[in-house]
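Counting begins at 1 with the first residue of the sequence.
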Amino acid sequence: MSLIFGVRDSLEATRVALQAASFAGHEAVVDKLIKAGADINASTTGSGRTALQAAAEGGHEAVVDKLFKAGANINAPAGRVSGRTALQAAAGGGHGEVVDKLLKVGADVNAPAGYDSGRTALQAAAGGGHEAMVRKLLKARANVNAQAGVDGGRTALQAAAEEGHNIVVDILLKAHANVNAPASKYHGRTALQAAAGKGHEAVVDQLLEAGADVNIRTRMNHERTALQAAAEMGHEAVVDKLLKAGADANAPAGINGGCTALQAAAGKGYETMVDKLLKAGADVNARISLWGGRTALQAAAEGGHGAVVNKLLEAGSNVNSPGAKINGRTALQAAAGGGHEAVVDKLLKAGANVNIPTSKYSGSAALRAAVTGGHKTVVNKLLEAGARS
């Protein structure tokens with residue numbers, strides 16, 4: 001049995017060595033490993049990457065030639081997690097000559113993206129901002145609207161928009177990229193959501209002009225609408241553009257960790273952003289996400305943002321709004337847990353109930369939260385206000 005495990009370990013070591021040497025471009029080492037009988041098409045256990053994919057990613061033309069002559073599979077599929085075919089890897093790195101070699105010997109220009117964070121060759125090139133490569137792949141009939149990978153995938157346009165590559169965005173739009181292509185199922189973004197979240201104003205303009213739907217709803221988990229994404233990251237100019245284009249200031253929060261635009265801005269303490277959204281009619285008491293959601297007031301209180309707390313209270317925020325069902329906090333519980341004495345004072349003055357029960361899962365009453373955090377002054381304030389131990 002130990003001999004079997006030893007052989008397995010030796011084979012895996014050879015695979016790893018060949019991949020590592022190929023990625024680093026060590027031709028002599030690659031030659032030795034091939035002559036020693038290394039499995040040219042084996043993928044390593046960790047990355048699922050073959051030697052050819054590694055060499056292509058590194059842009060090593062000579063190593064790519066050696067591996068191809070030794071029988072490497074040009075179209076070995078991408079690994080499940082962040083995997084790339086050889087062509088996808090070379091395209092993502094902007095290695096034009098390697099791409100030319102691979103296309104010449106029959107690399108599939110439309111090989112699908114891997115499941116987790118995968119990219120087609122065109123998606124990889126677009127995300128890298130490689131203009132010449134994008135043109136080359138389009139000329140080779142790459143599908144400009146190929147589906148994004150399931151988890152963390154991006155269409156070519158989404159990938160370019162997310163990184164702010166406005167020239168690539170223009171190339172793709174002219175090639176009839178779908179400006180409203182759906183986001184990947186998990187951790188996805190439409191092109192507009194991606195550009196807005198990164199604050200790429202010029203790209204946002206391009207996409208809006210091309211007919212991007214400013215109110216496409218989020219998908220699963222922590223995803224954001226374009227407005228929510230921009231508000232959360234404090235991109236005021238983008239928020240202005242989106243509101244002008246008709247963005248819904250009250251688009252609901254995603255079910256798991258989602259937030260409305262106002263909740264997002266309040267949680268970050270963006271006073272000017274909060275003013276913009278309130279002026280645009282944002283609901284201060286909008287429904288919160290089931291998992292870990294916060295009302296705007298709860299979010300601001302949790303961050304200790306006193307000025308925002310004042311604005312929200314003046315705008316009619318419910319000081320005793322219940323916390324989310326899972327990992328929820330009332331505004332007072334949130335402020336107490338963070339030791340934000342001035343905010344605790346404001347909330348108590350506004351009528352916060354010191355004895356509201358905790359959320360069903362992972363909650364803490366205000367007094368317990370303050371005690372757990374070691375905030376003695378807050379503990380005393382709460383006891384004086386009638387908190388029960």
Residue that, paired with E57, satisfies salt bridge (Lys or Arg N to Asp or Glu O under 4.0 Å) out of R84, R119, R49: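 Answer to the salt bridge (Lys or Arg N to Asp or Glu O under 4.0 Å) test with E57 among R84, R119, R49: R49.
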What closest approach, in Å, do [X] and [Y] show between heavy atoms, and which atom pair accounts for it?
X	Y	answer
A86	A56	O-CB, 3.3 Å
A91	V99	N-CG2, 3.7 Å
S289	G257	OG-N, 3.0 Å

[X] (side chain) donor-acceptor with [Y] (main chain) under 3.5 angstrom:
X	Y	result
S22	A55	no
S317	L312	yes
Q53	G83	no
N320	N353	yes
N41	T50	no

Donor-acceptor contacts under 3.5 Å from residues 279-287 side chains, at least two apart:
{"unit_1": "D283", "atom_1": "OD1", "unit_2": "N285", "atom_2": "N", "d": "2.9"}
{"unit_1": "N285", "atom_1": "OD1", "unit_2": "N318", "atom_2": "N", "d": "2.8"}
{"unit_1": "N285", "atom_1": "ND2", "unit_2": "G316", "atom_2": "O", "d": "3.1"}

Discussion item. Under the salt bridge (Lys or Arg N to Asp or Glu O under 4.0 Å) definition, can you give me all pairs with a residue in residues 247-275, not counting sequence neighbours?
Written reply: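 Listed once each, the pairs are D275-K311.
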query = Can L367 be reached from V344 by stepping across I, L, V, M, F, W or Y side chains whose heavy atoms are under 4.5 Å apart?
reply =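 Same cluster: V344 reaches L367 through Ile, Leu, Val, Met, Phe, Trp or Tyr contacts under 4.5 Å.
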| message | With a 4.5 Å cut-off on side-chain heavy-atom distances among I, L, V, M, F, W and Y, is there a chain of contacts connecting L138 to V98? | response |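 Yes: a chain of side-chain contacts under 4.5 Å links L138 to V98.
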- [ ] Can you establish whether the number of heavy atoms outside E131 located under 6.0 Å from its atom CD is more than 12?
- [x]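 Yes.
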- Message: For L122, run the side chain to side chain contact (heavy atoms under 4.5 Å, CB included) check against V144, V109, N145 and tell me which one passes.
- Response: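 With L122 as partner, V144, V109, N145 yield a single side chain to side chain contact (heavy atoms under 4.5 Å, CB included), made by V144.
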